[in-house]
Number of protein chains: 2
Amino acid sequence: MAEQKPRYYRIADEIRGRIDRGDLEPGQQLPTEHELMAQYEASRNTVRLALRRLTDEGLVISGQGRGSYVRRAHVPAVWDWSVLESRSRHESNTNGGDQWASVVAESGREPRQEVRVSIRQPPADVAERLGLDPETAMTVVRERVRFIDQEPYALADSYFPEELVRGTPLMKPEDVSAPGGVLAQSGLIQVRYEDEITFRMPTRAESERLDLPPATPVAVHTRTGYDKGGKPLRVMVTTLPGDRHVIRYSVLAD
Amino acid sequence: MAEQKPRYYRIADEIRGRIDRGDLEPGQQLPTEHELMAQYEASRNTVRLALRRLTDEGLVISGQGRGSYVRRAHVPAVWDWSVLESRSRHESNTNGGDQWASVVAESGREPRQEVRVSIRQPPADVAERLGLDPETAMTVVRERVRFIDQEPYALADSYFPEELVRGTPLMKPEDVSAPGGVLAQSGLIQVRYEDEITFRMPTRAESERLDLPPATPVAVHTRTGYDKGGKPLRVMVTTLPGDRHVIRYSVLAD
DNA sequence: TAGTGGTCTAGACCACTGT
DNA sequence: CAGTGGTCTAGACCACTAA
């Protein structure tokens, strides 16, 4: 029985083995394509197919003119969705209302966010979660791009039914305080959240806005907030790159 | 200023546009590589680079001898981690103890799982979560591959400190009841869970065990269960393919 | 400027799918 | 069987990086 795997599979397997065994360490440069051609007696395209396999697995990263390197892990930002947005935390928070920013600042890193506010029709799935007619409903949309140490970390888009928040400070673009806080000040109190998480490859647009390296999936975290009567007040859609985030929950068994 | 994007970017953008606009519908066959070469006056490799971009985004799927097709969405299985493993659900569950199986069966699909039990050293991160010495500690490991309608859906590996579960039914391979249940019968009651979710591209091994299509990320859900005194009793690591799963949580604001 | 990876061409043969 | 995508070769030129 001869080996039936394609040549570039075997080249990739061999290099992956070197990485797994630690012969090639994170951050270390791989042999150049030219060297690999010689080592494996293969054409350049075949070598490149093998390297492509490894970059697709997130093991290798390469740059024009620089070479190929074993990929380093990021320092992940931990998002604890059981704690984030809790009112007790919010009240004790000193930096003007944004909880995300204070959590990041506590860890010694520098938060920044760009906010854009508009009024428009929500996407169909958001309308459904808010219990609105997708044809006619309008929502106030707050789109934020969140940066840590000047690098983009996440997209966070919040949707509020327009009729609920008319005339509140929410509609001023310069307001960057936590929506939970602003909502509460307007008498709209969220007592329960329904969170849904999906994960997939980024679209081209997300990839560019977040400056994502190849082979980086995103999680889409959709939080719907309800008031005491079970009426939905807000939907927040957060897009988190996989190489920079860990999502955490605490759950009490019943 | 002329557009300087590479040719295969523009070919990919053009085809992506046709898909986004609905000119090409899910399940529909794309033009053959030969036809695309003619349409865009490009070499075959260039056309293939463009198609590769689209398969990397999860938009297109291709098969040798069959052609390339616009990818269809899966029907996702919803995993509600607030409810799963709750004791109240467990007690009212009629099918012999496995909650996952009953949740799936309720939705009219056919669950099946392959279980393998062994005793061995845990990975370092699991040892740390269990508060064990990574050099010497032994754990009972239950590795399951879960299928729905004969297709692999998830990997679920549970780790128990060996000293805690010695002599319990947990160690019998044929036992497939929910670990929460078995633990409880041994007087080990989990009152709190810490869940952590990361998401990344699958390793080769995961990709093969789960028969994953290209461009399918996985979420790794790690649940650590604690008893009343805060002692860790169990770690469960679930590997979920992104094209078949939605993770859900309910959270009460405090 | 030398060396790297990125883009692109023009072929060839193979493996697999359908008819 | 004809037609598809998968693998592979042997070149060429370009864009970028670092010395």
Side-chain angles (χ1 to χ4, degrees), chain A residues 1-15 19 24 27-71 204 207-208 211-215, chain B residues 1-15 19 24 27-71 204 207-208 211-215:
Chain A
M1 295 298 297
E3 256 315 319
Q4 288 305 4
K5 276 201 284 192
R7 168 123 63 167
Y8 76 93
Y9 273 51
R10 280 183 285 120
I11 297 174
D13 289 347
E14 214 283 326
I15 300 174
I19 295 172
L24 290 166
Q28 187 177 343
Q29 181 167 7
L30 267 60
T32 66
E33 295 181 352
H34 194 75
E35 289 166 337
L36 291 171
M37 288 170 68
Q39 283 178 36
Y40 297 104
E41 291 176 315
S43 77
R44 186 161 169 228
N45 275 342
T46 300
V47 164
R48 282 177 64 75
L49 279 178
L51 290 173
R52 176 71 104 112
R53 241 175 119 71
L54 298 175
T55 63
D56 282 353
E57 292 168 23
L59 283 177
V60 163
I61 198 109
S62 64
Q64 192 169 3
R66 287 208 327 276
S68 297
Y69 297 81
V70 181
R71 194 162 162 182
R204 266 304 123 204
S207 198
E208 281 159 19
D211 192 23
L212 298 178
Chain B
M1 296 300 298
E3 256 316 321
Q4 280 317 348
K5 277 202 284 191
R7 167 121 66 166
Y8 76 93
Y9 273 52
R10 280 183 283 119
I11 297 176
D13 289 348
E14 214 284 325
I15 300 174
I19 294 172
L24 290 166
Q28 188 177 342
Q29 182 168 7
L30 266 61
T32 66
E33 294 181 353
H34 193 76
E35 288 166 339
L36 291 171
M37 288 170 67
Q39 283 177 36
Y40 296 104
E41 292 176 315
S43 77
R44 185 157 169 231
N45 275 342
T46 300
V47 164
R48 283 178 63 75
L49 280 178
L51 289 173
R52 175 73 104 112
R53 242 176 118 69
L54 299 175
T55 62
D56 282 353
E57 292 168 23
L59 283 177
V60 162
I61 197 112
S62 65
Q64 193 168 3
R66 288 207 327 277
S68 297
Y69 296 81
V70 181
R71 193 160 161 185
R204 269 301 124 207
S207 200
E208 282 160 18
D211 193 22
L212 298 178

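Numbers restart at 1 for each chain; the letters A, B, ... are given by sequence-line order, proteins then strands.
- If A:Gly63 and A:Leu49 are placed on DNA chain D by their nearest nucleotide, the residue sitting closer to the 5' end is A:Leu49.
- Note on A:Tyr69: nothing from the nucleic acid sits closer than 4.0 angstrom, heavy atoms only.
- Rounding to the nearest 0.5 Å gives a distance of 11.5 Å between CG of A:Leu54 and CG of A:Leu49.
- Using modelled atom types, one side-chain atom of B:Glu35 and one backbone atom of B:Thr32 make a donor-acceptor pair closer than 3.5 Å.
- One distance of note links CD1 of B:Ile11 with NZ of B:Lys5; it measures 12.5 Å at 0.5 Å rounding.
- Each of A:Arg44 and A:Arg66 was matched to the nucleotide of DNA chain D holding its nearest heavy atom; the match closer to the 5' end belongs to A:Arg44.
- Side-chain atoms of A:Ile61 and A:Pro214, non-hydrogen and from C-beta on, do get closer than 4.5 Å to each other.
- Along DNA chain C, the nucleotide nearest to A:Asn45 and the one nearest to A:Ser62 differ in position, and the one closer to the 5' end is contacted by A:Ser62.
- Counting only heavy atoms from C-beta outward, the side chains of B:Glu14 and B:Gln39 never approach each other to under 4.5 Å.
- Chain B approaches DNA chain D over the interval D:dG3 to D:dT9, counting the first and last nucleotide 5' to 3' with an atom under 4.0 Å from its heavy atoms.
- Nearest-nucleotide mapping onto DNA chain C: of A:His34 and B:Ser43, the residue sitting toward the 5' end is A:His34.
- Here the side chains of A:Ile15 and A:Val60 are not in contact, with every heavy-atom distance at 4.5 Å or above.
- Counting any heavy atom pair closer than 4.0 Å across all strands shown, B:Arg7 reaches sugar-phosphate atoms only and no base atom.
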